[in-house]
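What follows is one structure encoded as structure tokens, with my remarks underneath.
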Amino acid sequence: MLDLRWVVENRAAVEEMLAARGASLDLSQGDPWALDAERRALLQKVEQLRHRQRVCGEEIARRGRAREDAGGLKAEMKGVSDEIKTLENRLAEVEEAIRRALLVIPNLPDASVPRGRDASANVEVRRVGAPPRFDFKPRPHFELGPELGIVDFERAAKISGARFAVQTGAGARLERALVDFMLDLHTRERGYTEVVPPYLVTPDTMLRTGQLPKFEGDLFKTRTGDRDLYLIPTAEVPLTALHGDEILEASDLPKHYVSFTPCFRSEAGSYGKDVRGLIRLHQFHKVELVKLTTPETSMAELESMVGDAEEVLRRLGLAYRVVLLCTGDMGFNSAKTYDLEVWLPGQDAYREISSCSTCSDFQARRGSLRYRAEAKAKPRFVHTLNGSGLAVGRTLVAILENYQQADGSVVVPEVLRPYMGGLERITKG
RNA sequence: GGAGAGGUGGCCGAGUGGUUGAAGGCGCCGGUCUUGAAAACCGGAGUACCGCAAGGUACCGCAGGUUCGAAUCCUGUCCUCUCCGCCA
């Protein structure tokens with residue numbers, strides 16, 4: 001959420017920003033600028049009346065003690081009381097309308113983000129590693145996996161429907177090895193604190209981190225009795241919300257968290273995209289990095305977070321590129337996003353395997369995550385950052401496709417072998 | 001699922017419906033004293049919003065209600081804790 005005061009004073013900038021993102025202002029709740037003017041007028045009137053109410057209340061008390069008559073004053077104050085109620089009701093309506101309007105305005109892109117309407121305007125920052133060469137035609141993972149008997153889409157469809165997968169034997173083991181490898185790297189070498197968060201969160205949490213109210217359709221929702229809970233689409237949600245409503249000390253920052261969690265996405269609107277294989281599922285695993293930082297350090301922290309995610313790819317020996325997303329391709333919460341795209345021989349293309357963003361103070365304002373720079377300073381909003389480190393399923397895809405052999409077997413990358421009981425190669429049977 | 005207890009400022013903990021943003025204690029910050037520290041004493045110290053300012057308003061889990069006036073009374077709701085049952 002953007003700061004109301006800033007929005008009110010910078011109408012042109014808001015509209016310009018929305019245009020850069022290929023969005024436009026949602027006026028269904030009313031014009032925020034007009035609403036704010038009404039809000040201020042109401043507030044002043046209400047506060048003035050309440051002041052009067054208090055002062056007169058004291059006078060009534062005094063007369064009571066002095067055994068003087070206060071009947072007339074009481075009657076008059078009854079009218080004031082009613083007027084306050086009326087004005088307050090309207091004020092609540094206006095404030096709610098402003099809030100709803102603000103909640104669907106996306107974050108302001110950082111000045112360093114290239115302008116553009118879609119992915120074609122993204123900027124490749126660097127390529128690392130060379131795609132492997134094969135003396136045979138490399139095959140897609142959705143053929144390799146089932147043939148090796150380690151991935152099963154048909155049985156998954158039988159028990160859960162489309163967009164699910166079952167992993168068995170070495171396929172399951174490889175998933176777990178990747179998770180352990182990533183967690184060990186981030187916790188032992190990169191200083192992240194591991195967290196096991198809830199996978200079900202309240203609607204309020206989803207609102208605070210920006211998934212709601214706009215993206216309800218992307219989420220899985222549960223209802224038990226009259227209680228609604230959402231399955232997390234990423235650990236970013238619980239981790240970012242962790243310090244909601246808190247005022248941290250400067251010495252508490254930065255916070256570096258890492259979580260391994262399942263992620264659940266309805267993938268509404270992605271019909272026909274990546275329908276085969278492990279690329280786009282309703283359920284997948286992700287090792288997620290989340291940072292809470294000061295505004296001054298968030299950009300540097302974003303760069304280092306990208307480096308942390310890259311390190312996973314480097315050690316796995318996978319070729320990738322780093323892409324800076326343009327204004328039109330960024331997510332709702334983000335002020336600046338780098339995607340990591342891994343080379344997939346089966347698709348003959350680079351595909352997203354990580355997305356690292358700084359959300360500046362956007363989520364922090366929604367969730368009230370603040371810190372005090374100095375002992376008596378006013379609280380300021382922290383900056384929140386999140387990035388995949390990495391999407392586990394897609395990493396498994398990359399390994400199958402990049403390490404495949406002519407006979408259909410898959411060599412286990414060196415760094416994963418200790419996590420695979422020394423297994424060097426995944427073969428049929 | 002059943003039974004009970006409770007939610008007040010960073011923490012603990014008072015609070016007869018009327019200067020209570022809220023006693024007291026601890027912790028914290030500044031000062032006095034001290035070579036320094038401790039102790040003692042004095043003072044300070046929440047968050048947000050409106051206002052050019054002076055200043056004002058709100059917040060005692062949350063939402064309503066009663067009242068001229070609610071932290072205090074009433075209703076609902078959420079959460080926490082204890083015991084029983086069930087369960088990994």
Side-chain angles (χ1 to χ4, degrees), chain A residues 1-9 32-103 196-208 212 222-230 238 241-253 261-262 361 364-382:
Chain A
M1 186 159 65
L2 300 177
D3 178 43
L4 172 61
R5 192 178 293 219
W6 186 87
V7 168
V8 165
E9 290 168 4
W33 288 272
L35 286 167
D36 184 63
E38 184 178 359
R39 173 183 148 264
R40 285 175 202 238
L42 283 166
L43 208 82
Q44 285 178 34
K45 186 68 183 160
V46 165
E47 292 188 350
Q48 185 189 324
L49 287 173
R50 261 209 283 252
H51 180 61
R52 173 120 192 283
Q53 188 178 51
R54 212 201 71 203
V55 171
C56 292
E58 282 165 20
E59 171 64 12
I60 290 170
R62 190 196 62 76
R63 289 191 198 176
R65 280 192 300 273
R67 301 197 175 175
E68 294 171 20
D69 174 59
L73 191 53
K74 277 191 186 182
E76 187 191 339
M77 294 319 290
K78 173 68 179 161
V80 169
S81 177
D82 290 342
E83 191 180 353
I84 288 175
K85 265 173 207 166
T86 305
L87 292 173
E88 278 191 327
N89 286 339
R90 176 60 192 155
L91 183 62
E93 279 173 24
V94 169
E95 286 182 334
E96 180 56 22
I98 290 172
R99 204 178 79 95
R100 281 198 300 255
L102 240 39
L103 281 173
V196 178
Y199 306 150
L200 288 161
V201 300
T202 60
D204 179 59
T205 297
M206 287 294 187
L207 190 89
R208 287 163 174 258
L212 292 179
T222 68
R223 165 163 274 177
T224 306
D226 56 358
R227 183 184 194 193
D228 289 340
L229 288 172
Y230 291 90
L242 204 57
H243 293 284
D245 291 329
E246 295 183 22
I247 301 176
L248 302 169
E249 299 300 323
S251 58
D252 295 329
L253 298 177
T261 70
D361 60 5
R365 185 172 293 105
R366 284 178 169 241
S368 193
L369 281 79
R370 293 176 294 172
Y371 81 104
R372 223 183 285 277
E374 286 164 42
K376 292 189 176 173
K378 238 174 95 87
R380 309 167 71 196
F381 290 112
V382 304

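Residue numbering restarts at 1 for every chain, and letters A, B, ... go by the order of the sequence lines.
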Quick one, A/D361 and A/V382 - any side-chain contact, counting heavy atoms below 4.5 Å? no

Measure CD1/A/I84 against P/B/G56 and give the value in whole Å, please. 16 Å

My understanding is that a pair needs two contacts under 3.5 Å, Watson-Crick or G-U wobble. By that rule, which nucleotide pairs with B/A54? none

Could you give the CG-to-P distance, from A/D69 to B/C68, as a whole number of Å? 14 Å

For nucleotides B/C59 and B/A71, find the distance between their P atoms and express it as a whole number of Å. 6 Å

Of the options B/C50, B/C79, B/G69, whose atoms approach the side-chain atoms of A/E47 most closely? B/C50

Please tell me which of the listed nucleotides, B/C68, B/G46, B/A48, lies nearest to the side chain of A/P379? B/A48

Paired with B/U19 by Watson-Crick or G-U wobble geometry, both distances under 3.5 Å: which nucleotide is it? none

For A/Q53, which contact category applies under a 4.0 Å heavy-atom criterion: base, sugar-phosphate, or nothing? sugar-phosphate

Please list, in numerical order, the residues of residues 34-46 of chain A that have a heavy atom closer than 4.0 Å to any atom of RNA chain B. A/R39, A/R40, A/L43, A/Q44

Residues in residues 86-99 of chain A with a heavy atom under 4.0 Å of RNA chain B, by number, are none

Measure from the side-chain heavy atoms of A/K378 and tell me the nearest of B/C68, B/A48, B/G56. B/A48

Tell which nucleotide pairs with B/G69, taking only Watson-Crick or G-U wobble pairs whose two distances are both under 3.5 angstrom. none

So what does A/R5 hit on the nucleic acid, given a heavy-atom distance under 4.0 Å: a base, only sugar-phosphate, or nothing? sugar-phosphate

Lys/Arg-Asp/Glu bridge criterion (N-O < 4.0 Å) met for A/R62, A/E59: yes

Rounded to whole Å, the CG-C1' distance (A/D3 to B/C49) equals 12 Å

Considering only atom C1', compute the distance from B/A39 to B/C33 and round it to an integer number of Å. 11 Å

Rounded to whole angstroms, how far apart are CZ on A/R54 and P on B/A22? 11 Å

As a test of reading the structure: which of B/G18, B/G69, B/U57 is closest to the side chain of A/R50, going by heavy atoms? B/U57

Salt bridge or not between A/E93 and A/R90? Use side-chain N to carboxylate O under 4.0 Å. yes

Taking atom P of B/C68 as reference, at what distance in whole Å does atom CZ of A/R52 sit? 15 Å

So if I take every side-chain heavy atom of A/I247 and compare against B/C68, B/U47, B/C79, which nucleotide ends up nearest? B/U47

Worked verdict on A/R208 versus A/D245 for salt bridge (charged side-chain N to carboxylate O under 4.0 Å, His left out): CA-CA 10 Å; A/R208 287 163 174 258; A/D245 291 329; 2.9 Å; yes

Under 4.0 angstrom between A/K85 side-chain N/O and B/U66 OP1 or OP2: yes

Hey, mind stepping through A/L73 and A/K78 against side chain to side chain contact (heavy atoms under 4.5 Å, CB included) and telling me if it holds? CA-CA 9 Å; A/L73 191 53; A/K78 173 68 179 161; over 6 Å; no

Protein-nucleotide distance (A/M77, atom CE; B/G17, atom P), rounded to Å: 22 Å

Take atom CZ of A/R370 and atom P of B/G46, then tell me their distance rounded to the nearest Å. 14 Å

With rounding to whole Å, what would you report as the distance between B/U67 and B/G30 at their C1' atoms? 44 Å

Who is the Watson-Crick or G-U wobble partner of B/C59, with both distances under 3.5 Å? B/G46

Taking B/A5 as the reference, what is the distance to B/G9 when you measure between their P atoms (whole Å, please)? 23 Å

Pick the P atom in B/G13 and in B/G18, then give their distance to the nearest Å. 24 Å

Do the charged groups of A/R366 and A/D204 touch, with an N to O distance under 4.0 Å? no

Check the phosphate of B/U57 against A/H51, side-chain N and O only, distance under 4.0 Å to OP1 or OP2. Yes or no? yes

For B/A38, give the paired nucleotide (Watson-Crick: N1-N3 plus N6-O4 or O6-N4; G-U: N1-O2 and O6-N3; both under 3.5 Å), or none. none

Look at A/E58 together with A/R54 and state whether they make a salt bridge at an N to O cut-off of under 4.0 Å. yes

State the pairing partner of B/G24; accept Watson-Crick or G-U wobble contacts with both distances under 3.5 Å, and report none otherwise. B/C12

Say whether, by atom type as modelled, one donor and one acceptor occur between the side chain of A/R370 and the main chain of A/I247 under 3.5 angstrom. no

Between B/G85 and B/G10 - P atom distance, rounded Å: 39 Å

What integer number of Å spans the C1' atoms of B/U20 and B/U72? 11 Å

Do A/L43 and A/E95 make a side-chain contact, defined as non-hydrogen atoms from C-beta onward lying under 4.5 Å apart? yes

For B/C33, the Watson-Crick or wobble counterpart (both distances under 3.5 Å): none

Please determine whether a side-chain nitrogen or oxygen atom of A/S81 lies at a distance below 4.0 Å from atom OP1 or OP2 of B/G69. yes

Does A/E96 reach the side chain of A/R100, with side-chain heavy atoms less than 4.5 Å apart? yes

So, taking the atom named CG in A/L91 and the one named NZ in A/K85, what distance separates them when rounded to the nearest 0.5 Å? 15.5 Å

So which nucleotide does B/G6 pair with, by the Watson-Crick or G-U wobble rule with both distances under 3.5 Å? B/C79

Taking the C1' atom of each, how far is B/G21 from B/G56, in whole Å? 15 Å

Testing A/L35, A/V7, A/L103 for side chain to side chain contact (heavy atoms under 4.5 Å, CB included) with A/I98, which one passes? A/L35

What is the distance, rounded to the nearest whole Å, between atom CD of A/E9 and atom P of B/C52? 11 Å

